[in-house]
Amino acid sequence: MTSPNKLPPAGMMRRFSALFYDALIILAVEMMAAGIVIAVLEALLAGGLISYAPYADASDMLSNHPTWSYVYTFYLAAVWVYFFVFFWTRAGQTLGMRAWKLRLQNTDGTAISVTQALIRLATSGFGLSNLAVPFDPKKRAFHDIWAKTEVVVLPKAN
């Protein structure tokens with residue numbers, strides 16, 4: 001097996017391809033997370049425990065309520081962050097990265113920490129920091145430099 005330090009760094013297009021896959025997965029996960037909230041609200045409404053007044057429906061309430069709109073937005077953001085932190089810290093790969101044979105790791109080949117994952121997310125610019133890859137001699141993106149991580153291309157399975 002190839003040692004982690006010998007694996008080649010990932011290029012910009014491969015990173016963006018994995019990011020596109022992950023964006024589709026995140027969209028589906030966020031839709032399910034939102035659906036759970038709507039289902040709970042509808043169950044509470046059916047049980048007579050809440051009322052949407054003066055709002056038209058659950059979506060209107062979650063979008064315009066002075067408190068619940070912020071709670072709902074935070075919930076959806078937390079789901080999004082948890083997706084990346086979970087996959088990056090456990091396996092070093094999201095599902096999109098797995099499809100494109102990429103792995104996120106420390107420079108010594110070990111798994112990254114939760115702190116590093118949060119730094120990567122905070123400095124990623126929703127993936128736009130990958131535009132720095134062609135200009136860095138080590139093919140690191142801006143968030144890789146800040147978090148002291150690297151994205152490598154895994155060898156093909158035999």
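Donor-acceptor pairing under 3.5 Å is lacking for the side chains of Asn106 and Glu150.
Atom CD of Gln93 and atom CZ of Arg98 lie 5.0 Å apart (nearest 0.5 Å). Here CD1 of Ile112 is found 6.0 Å from OG1 of Thr149. Values are rounded to the nearest 0.5 Å. Distance check: Ile26 CD1 to Leu76 CG gives 11.0 Å after rounding to the nearest 0.5 Å. To the nearest 0.5 angstrom, Gln105 atom CD is 8.0 Å from Leu154 atom CG. Atom CG in Leu44 sits 5.5 Å away from atom CG in Leu49 (nearest 0.5 Å). Here the CE atom belonging to Met61 is positioned 9.5 Å from the CG atom belonging to Leu45, to the nearest 0.5 angstrom.
The side-chain contact (heavy atoms from CB on, under 4.5 Å) test applied to Leu121 returns Trp80, Val81, Phe84, Val85, Trp88, not counting sequence neighbours. Partners of Phe86 under the ring-ring contact (aromatic ring centres under 6.0 Å, His included) rule, at least two apart in sequence or in another chain, are Tyr82. Applying the salt bridge (Lys or Arg N to Asp or Glu O under 4.0 Å) test to Asp136 and every residue at least two apart in sequence or in another chain returns Arg140. In terms of the ring-ring contact (aromatic ring centres under 6.0 Å, His included) criterion, residue partners of Phe142 (sequence neighbours excluded) are, by chain and number, Trp146. For Phe74, there are no ring-ring contact (aromatic ring centres under 6.0 Å, His included) partners, not counting sequence neighbours. Residues passing the side chain to side chain donor-acceptor pair (under 3.5 Å) test with Ser129, sequence neighbours excluded: His143.
Listed by first then second residue, pairs satisfying side chain to side chain donor-acceptor pair (under 3.5 Å) with a partner in residues 23-49 read Glu42-Tyr52, not counting sequence neighbours. Pairs passing the salt bridge (Lys or Arg N to Asp or Glu O under 4.0 Å) check and including a residue from residues 109-130, sequence neighbours excluded, read Arg120-Asp144. Pairs passing the side chain to side chain donor-acceptor pair (under 3.5 Å) check and including a residue from residues 62-76, sequence neighbours excluded, read Asp60-Asn64. The ring pair (Phe, Tyr, Trp, His ring centres under 6.0 Å) analysis of residues 30-51, with sequence neighbours excluded, yields no pairs. The side chain to side chain donor-acceptor pair (under 3.5 Å) pairs that include a residue from residues 16-27 are Asp22-Thr94, where partners are two or more places apart or lie in different chains.
Hydrophobic cluster membership of Leu27, counting Ile, Leu, Val, Met, Phe, Trp and Tyr whose side-chain heavy atoms lie under 4.5 Å apart directly or via other members: Met31.
Taking both residues in full, the closest heavy atoms of Gln116 and Ala147 are given as NE2-O, 2.9 Å, listed atom of the first, atom of the second, then distance.
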Exercise for the section: Kindly indicate, with the supporting measurements, whether the criterion side chain to side chain contact (heavy atoms under 4.5 Å, CB included) is fulfilled by Val79 and Val29. Expected result: CA-CA 8 Å; Val79 168; Val29 169; 3.7 Å; yes
Practice task
Start with the C-alpha distance between Asp108 and Thr110, add both sets of side-chain angles, then the distance that settles side chain to side chain donor-acceptor pair (under 3.5 Å), and finish with yes or no.
Solution key: CA-CA 6 Å; Asp108 64 357; Thr110 59; 2.7 Å; yes
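Both Phe87 and Val114 are assigned to one and the same hydrophobic cluster, defined by single-linkage of ILVMFWY side chains at heavy-atom distances under 4.5 Å. Residues Met13 and Leu104 fall into different hydrophobic clusters, defined by Ile, Leu, Val, Met, Phe, Trp and Tyr side chains chained together at heavy-atom separations under 4.5 Å.
Side-chain atoms of Leu102 and Arg14, non-hydrogen and from C-beta on, do get closer than 4.5 Å to each other.
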